[in-house]
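Below is one structure. I have some questions about it.
Positions are given from 1, in the same order as the sequence printed here.
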Amino acid sequence: MAMITKATWFSVFALTAVLLLILLPAAEAVTCSPMQLSPCAAAITSSSPPSALCCAKLKEQKPCLCGYMRNPSLRRFVSSPNARKVSNRCKLAIPRC
C-alpha cells in the first residue's frame, strides 16, 4: 500500500511540473542595446516629458542599465540628472550598481 502512495505522489508531482513548464510563459531574455532607448533621447537631452514608448523601452532595458552606466561613452547619458528625471516620471527605480 505504501508503494502505491509513493507512486501516486510521484505522478502528481511529475504532472504538476510538466503543467508548470507548459503553462508558465518563458522569461524572455533582454537584448542589451542602447539604441533601444532612442525613444528617450529627447526627454534625456532636454526637459521634455518621456513618451509612453520611452517608458516601455526603459523598463524593458532595466536589466542593462548597470552595464550602460559602466560604459564611459554611455554613462553621461544614463546617469545624467535628466535621465534620473525620466526614470522618475516613468516610475522606474534606478538600479544601484
Q.
Quick check: closest heavy atoms across Arg89 and Pro50, and the distance to 0.1 Å?
A.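 Looks like CD-CD, 3.7 Å.
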(Q) Enumerate the salt bridge (charged side-chain N to carboxylate O under 4.0 Å, His left out) contacts for residues 62-86, please, sequence neighbours excluded, ordered by first and then second residue. (A)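 Sorted pair list comes back empty.
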Q) Which residue pairs pass the side chain to side chain donor-acceptor pair (under 3.5 Å) test with at least one member in residues 37-56, sequence neighbours excluded? A)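 Of all non-adjacent pairs touching residues 37-56, those that pass side chain to side chain donor-acceptor pair (under 3.5 Å) are Ser46-Ser48.
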Q | All pairs passing disulfide (SG to SG under 2.5 Å) where residues 67-96 contributes a residue, at least two apart | A |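 For residues 67-96, and leaving out neighbouring residues, the disulfide (SG to SG under 2.5 Å) pairs sorted by first residue read Cys55-Cys90.
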**Q.** Transitive ILVMFWY cluster of Val78, excluding itself - 4.5 Å side-chain cut-off
**A.**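 The other cluster members (ILVMFWY side chains, heavy atoms under 4.5 Å, direct or chained) are Leu37, Ile44, Leu58, Leu65, Tyr68, Met69, Leu74, Val86, Leu92, Ile94.
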Q | side-chain hydrogen bond (donor to acceptor under 3.5 Å, both in side chains) against Ser73, all qualifying residues, sequence neighbours excluded | A |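 side-chain hydrogen bond (donor to acceptor under 3.5 Å, both in side chains) check on Ser73 returns Asn71.
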**Q.** Set of side chain to side chain contact (heavy atoms under 4.5 Å, CB included) partners for Gln36, sequence neighbours left out
**A.**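 With sequence neighbours excluded, Gln36 shows a side chain to side chain contact (heavy atoms under 4.5 Å, CB included) to Ser33, Lys57, Glu60, Gln61, given in chain and number order.
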Q) Looking at Ala43 and Asn82, what are the two nearest heavy atoms and their distance? A)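 Smallest interatomic distance, heavy atoms only, reads O-CB, 4.1 Å.
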